[in-house]
Enquirer: 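One structure, pasted below without further comment.
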Amino acid sequence: MSGHMAGAALFLGVFLLYHFSFSPVPTADGFWYLSNIDRSDHEGILIAHAPLSVYFFFSLKRLLSLLGLSVGTLSLMQTVNAVVAALEAVLFFRVIRLLGGGVLLGILGAALLAASFGYWYFANGEVQHLSLGVLLLIFYLLLRARLTGKPYGTRFVIGLGLLNAVAVLARQENFLFGFAPVAMLVV
């Protein structure tokens with residue numbers, strides 16, 4: 001099986017698995033996020049630890065509403081999280097392939113990521129998956145650039161900085177991730 005076919009199959013498998021296995025009840029802080037979005041509580045939406053993530057879901061729900069589509073907030077969050085989790089699994093598959101792993105190892109690694117309890121748990125009505133996708137993208141881009149041996153251009157470094165800023169706005173703990181790309185750039 002080619003890498004592209006494996007990636008497409010992985011995406012579809014993770015999306016379907018997540019989308020059809022989510023609980024009808026959100027996990028952890030999910031009720032709080034849902035309540036703030038449904039009530040248009042801007043203080044709760046622009047919370048310090050994940051303002052961009054919660055605002056993204058609020059804006060998407062509002063856009064769908066303006067288009068005349070009535071979608072439940074939990075269903076919307078779970079669908080977006082299923083898509084993002086599937087994309088993240090494919091990104092992880094690509095990272096393993098870049099590091100020299102075969103297609104089977106890439107699929108197994110991505111499947112283990114997708115099947116891990118914490119990864120699955122926080123996709124069910126939570127907002128963490130958006131920021132994880134940005135972090136995986138940063139790592140993938142850095143790894144790909146590092147393995148090609150090309151010098152890093154100014155635009156590349158600024159782009160990574162902007163992606164890291166987006167990751168931090170999506171989830172505050174991601175500021176810690178900024179140290180890893182700097183180390184990869186310097187070493």
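Below, all heavy atoms of this structure are taken into account, side chains as well, without hydrogens, waters or symmetry copies.
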Enquirer: Mind running side chain to side chain contact (heavy atoms under 4.5 Å, CB included) on F57 and N81 for me, showing each step along the way?
Expert: CA-CA 10 Å; F57 285 112; N81 281 342; 3.8 Å; yes
Enquirer: About how many Å separate CD1 of I47 and CG of L52, when rounded to the nearest 0.5 Å?
Expert: 11.5 Å
Enquirer: Treat each ILVMFWY residue as a node, draw an edge where side-chain heavy atoms are under 4.5 Å apart, and state whether L69 and L34 are in one component.
Expert: yes
Enquirer: Can you label the angle between the F11 ring and the F15 ring as parallel, tilted or perpendicular, going by 30° and 60°?
Expert: parallel
Enquirer: Side chain to side chain contact (heavy atoms under 4.5 Å, CB included) for I37 and L76? Distances and angles first, verdict last.
Expert: CA-CA 11 Å; I37 291 169; L76 174 68; over 6 Å; no
Enquirer: Which value, rounded to the nearest 0.5 Å, describes the distance between Y55 atom OH and L60 atom CG?
Expert: 12.0 Å
Enquirer: Using every non-hydrogen atom in the two residues, find where V90 and G7 come nearest and quote the distance to one decimal.
Expert: CG2-O, 3.4 Å
Enquirer: Which value, rounded to the nearest 0.5 Å, describes the distance between R155 atom CZ and L162 atom CG?
Expert: 13.0 Å
Enquirer: Provide the closest heavy-atom pair for A110 versus I96 in the form atom of the first, atom of the second, distance.
Expert: N-CD1, 4.4 Å
Enquirer: Locate the shortest heavy-atom distance separating V84 from L130; write the atom from each residue and the value.
Expert: CG2-CD2, 3.8 Å
Enquirer: Please check: side-chain N/O of N36 versus main-chain N/O of W32, any donor-acceptor pairing under 3.5 Å?
Expert: yes
Enquirer: Output yes when a side-chain donor or acceptor of S21 lies under 3.5 Å from a complementary backbone atom of L17, and no otherwise.
Expert: yes
Enquirer: Find out if a path of hydrophobic residues (ILVMFWY) with successive side-chain heavy-atom gaps under 4.5 Å connects F156 to L98.
Expert: yes
Enquirer: Side chain to side chain contact (heavy atoms under 4.5 Å, CB included) between F22 and L74: does it pass, once the steps are laid out?
Expert: CA-CA 10 Å; F22 280 139; L74 179 59; over 6 Å; no
Enquirer: For the side chain of S65 and the backbone of K61, is there at least one donor-acceptor N/O pair under 3.5 Å apart?
Expert: no
Enquirer: Applying the 4.5 Å side-chain criterion to the ILVMFWY set and letting contacts propagate, would L137 and L99 be lumped into a single cluster?
Expert: yes
Enquirer: Just how far is it from atom CZ of F58 to atom CG of D38, taken to the nearest 0.5 Å?
Expert: 10.0 Å
Enquirer: With a 4.5 Å cut-off on side-chain heavy-atom distances among I, L, V, M, F, W and Y, is there a chain of contacts connecting L108 to L91?
Expert: no
Enquirer: Output the distance between atom CG (L113) and atom CG (L136), rounded to the nearest 0.5 Å.
Expert: 7.0 Å
Enquirer: If you take all heavy atoms of S131 and R171, which pair is closest and at what distance?
Expert: OG-CB, 3.3 Å
Enquirer: So H129 and Y18, would you call those rings parallel, tilted or perpendicular, with 30° and 60° as cut-offs?
Expert: perpendicular
Enquirer: Quick check for you: to the nearest 0.5 Å, what is the distance between L135 atom CG and E88 atom CD?
Expert: 9.0 Å
Enquirer: What heavy-atom pair brings A170 and S53 nearest, and what distance separates the two atoms?
Expert: O-OG, 2.8 Å
Enquirer: Nearest heavy-atom pair of V14 and A114: which atoms, and what distance?
Expert: CG2-CB, 3.7 Å
Enquirer: Does V103 share a hydrophobic cluster with L112, counting links as ILVMFWY side-chain heavy atoms below 4.5 Å and allowing steps through other members?
Expert: no
Enquirer: If you count heavy atoms of other groups shown closer than 6.0 angstrom to CZ of R39, is the number above 12?
Expert: yes
